[in-house]
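Everything on this sheet refers to the single structure shown next.
The shown structure was predicted, so the numbers you read here are calculated from the model rather than taken from an experiment. As a basis for the values below, the full set of heavy atoms in this structure was taken, side chains included, without hydrogen atoms, waters or symmetry mates.
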Amino acid sequence: MTEQQDHLTDRYSSGVLSHDIPTELIRLQLLEEHLDPVTLGVLGARAEDLPDSARCLELGAGAGSVTRWMAGRFPAGTVTAVDIDVRYLDAGWAPNLVVQEGDLRLLDFPAGSFDLIHARALLMHLPEREEIVKRLVSWLAPGGWLVLEDIAHFPKATSPNPAWRKAMTAVVDLLGSQGEDVGWARRRQPAILADAGLADLGLALEVFTVGDGGVAERFWRVFLNQLRPALVDRDLITDEEIDAALALFDDPRFVDAAEAIVSAWGRQPTT
């Protein structure tokens with residue numbers, strides 16, 4: 001493993017997204033509640049063309065909501081759920097489920113192993129994403145679907161609310177300093193799938209808001225506080241400025257964009 005790979009792995013063992021952080025499971029569950037309506041709509045549409053015996057691969061499986069959906073949707077198939085830390089996943093959820101701990105950058109499967117591969121809020125964290133996508137495509141069987149989803153933050157300067165703009169700038173700068181790219185999905189999807197040889201390309205983008213009391217707001221209440229020590233320690237923002245951003249959620253005059261989820265898909269040609 002390279003020094004860069006060690007650094008990225010440490011982020012999940014001891015960094016701001018570590019499963020050891022008390023709020024991390026809550027954050028992941030809120031992320032699922034936040035994003036699943038979009039994700040399951042996209043996957044459900046692709047699943048219409050697949051048999052009940054489809055072989056599925058869920059990458060960065062997190063707290064397991066998409067994994068459980070796949071296992072129920074393809075009861076005669078198999079689901080392999082992969083995460084770098086699998087403590088929130090349980091192979092006992094379904095008889096057709098395999099849970100595998102591993103680093104996607106080091107993982108390999110035989111060519112044509114899967115009929116449906118999905119990764120959400122994962123490739124944005126991995127600078128090797130271009131090469132990883134090529135490997136994912138090689139794992140697809142003819143006619144199989146690859147669905148990639150990642151978060152896209154709006155340009156930092158566009159928010160009309162200074163306190164929210166400051167907080168989002170700090171978050172993007174923190175993630176960027178750790179090698180993450182919260183803009184890659186909008187720049188490269190679905191072109192990255194076309195470059196890898198997939199057909200029947202599609203793209204969907206949904207914007208989420210805060211200030212309306214919805215799940216996106218509940219997610220950001222947890223996530224900003226989870227990131228607080230790292231943000232303040234790196235002098236990206238002060239405690240008082242974080243408090244000011246969070247106070248906006250209780251201001252009836254406040255509503256703003258938070259982020260978008262960019263979903264892209266493509267199919268392995270059958271010939």
(request) Would you check, one step at a time, whether the test side-chain hydrogen bond (donor to acceptor under 3.5 Å, both in side chains) holds for Asn96 with Thr78? (result) CA-CA 5 Å; Asn96 58 342; Thr78 58; over 6 Å; no

(message) Once rounded to the nearest 0.5 Å, what's the spacing between atom CG of Leu116 and atom CG of Asp49?
(response) 11.0 Å

(message) As an exercise, state the distance from CD of Gln268 to CG of Asp115, rounded to the nearest 0.5 Å.
(response) 11.0 Å

(request) Determine the minimum heavy-atom distance between Pro37 and Glu33, stating which atoms define it. (result) CD-O, 3.5 Å

(message) Less than 4.0 angstrom from a charged side-chain N to a carboxylate O is my criterion; do Asp181 and Arg187 meet it?
(response) yes

(message) Just verifying a value: how many Å separate Ser65 OG and Leu28 CG, rounded to the nearest 0.5 Å?
(response) 9.5 Å

(message) On a heavy-atom basis, which atom in Ala258 and which in Val210 lie closest, and how many Å separate them?
(response) CB-CG1, 3.8 Å

(message) Any heavy-atom pair between the side chains of Leu205 and Ile261 that's under 4.5 Å?
(response) no

(request) Kindly indicate whether the side chain of Val215, heavy atoms from C-beta on, has any atom under 4.5 Å from the side chain of Phe208. (result) no

(request) State plainly whether the residues Arg221 and Glu217 are in salt-bridge range, i.e. N to O under 4.0 Å. (result) yes

(message) Under a 3.5 Å cutoff, is there a donor and acceptor pairing between the side chains of His118 and Glu149?
(response) yes

(message) Regarding Thr80 and Gln100, do their side chains bring together a donor and an acceptor under 3.5 Å, going by distance alone?
(response) no

(message) Less than 3.5 Å apart, any donor N or O on the side chain of Trp220 or Glu259 sitting next to an acceptor on the other?
(response) yes

(message) Any side-chain to backbone donor/acceptor pair from Arg27 onto Phe219? Under 3.5 Å, distance only.
(response) no

(message) Suppose we screen for ring pair (Phe, Tyr, Trp, His ring centres under 6.0 Å). Which residues come up paired with Phe114, at least two apart in sequence or across chains?
(response) Phe109

(request) Would you check if there is a donor-acceptor pair between the side chains of Thr39 and Arg120 at a distance under 3.5 Å? (result) yes

(request) Measure from the side-chain N and O atoms of Glu32 to the backbone N and O of Gly64, and report whether any donor-acceptor pair falls under 3.5 Å. (result) yes

(request) Would you check if there is a donor-acceptor pair between the side chains of Trp265 and Asp200 at a distance under 3.5 Å? (result) no

(message) With a 4.5 Å cut-off on side-chain heavy atoms, are Leu148 and Leu136 touching?
(response) yes

(message) Any heavy-atom pair between the side chains of Asp173 and Val171 that's under 4.5 Å?
(response) no

(request) Could you tell me whether Asp150 and Arg186 make a salt bridge, using a distance below 4.0 angstrom between a side-chain N and a carboxylate O? (result) no

(request) May I ask you to decide whether Arg87 forms a salt bridge with Asp20, counting only side-chain N to carboxylate O separations under 4.0 Å? (result) yes

(message) Testing the basics here: between Arg267 and Gly143, what is the closest heavy-atom pair and its distance to 0.1 Å?
(response) NE-O, 2.6 Å

(message) To the nearest 0.5 Å, what is the distance between OG on Ser18 and CG on Asp85?
(response) 7.5 Å

(request) State, to 0.1 Å, how close Arg135 and Leu107 come at their nearest heavy-atom pair, and which atoms those are. (result) NH1-O, 2.5 Å

(message) To the closest 0.5 Å, what do you measure between CD1 (Ile151) and CG (Leu122)?
(response) 12.0 Å

(message) Between Arg105 and Glu131, does any side-chain N to carboxylate O distance fall below 4.0 Å?
(response) no

(message) Would you compute the distance between atom NE2 of His153 and atom OG1 of Thr158 and round it to the nearest 0.5 angstrom?
(response) 12.0 Å

(request) Could you tell me which non-hydrogen atom of Ala194 sits nearest to which non-hydrogen atom of Leu201, and how far apart they are? (result) CB-CD1, 3.4 Å

(request) Side-chain contact test, heavy atoms from C-beta onward, threshold under 4.5 Å: evaluate it for Thr169 versus Leu236 and give yes or no. (result) no

(request) Mark yes or no for whether Arg46, through its side chain, and Trp145, through its backbone, hold a donor-acceptor pair below 3.5 Å. (result) no

(message) Has Glu101 got a side-chain atom pairing as donor or acceptor with Val86's backbone, closer than 3.5 angstrom?
(response) yes

(message) Between Glu58 and Thr67, do the side chains contain a donor N or O and an acceptor N or O under 3.5 Å apart?
(response) no

(message) On a heavy-atom basis, which atom in Ile132 and which in Leu104 lie closest, and how many Å separate them?
(response) CG2-CD2, 3.7 Å

(request) Evaluate the criterion side-chain contact (heavy atoms from CB on, under 4.5 Å) for residue pair Asn225 and Leu246; output intermediate values, then yes/no. (result) CA-CA 9 Å; Asn225 278 312; Leu246 291 171; 3.7 Å; yes

(request) State whether the side chain of Tyr88 and the backbone N or O of Ala61 hold a donor-acceptor pair below 3.5 Å, judged by distance alone. (result) no

(message) One thing to verify: whether Arg165 and Asp256 come together as a salt bridge, which I'm taking to mean a side-chain N less than 4.0 angstrom from a carboxylate O.
(response) no

(message) Using the rule given for side-chain contact (heavy atoms from CB on, under 4.5 Å), can you reason through Val79 versus Val98, listing the C-alpha separation, both sets of side-chain angles and the distance that settles it, and then say yes or no?
(response) CA-CA 6 Å; Val79 178; Val98 175; over 6 Å; no

(message) For Val232, run the side-chain contact (heavy atoms from CB on, under 4.5 Å) check against Leu227, Thr238, Ile242 and tell me which one passes.
(response) Ile242

(request) Check whether any side-chain heavy atom of Ile117 sits under 4.5 Å from a side-chain heavy atom of Val147, and report yes or no. (result) no

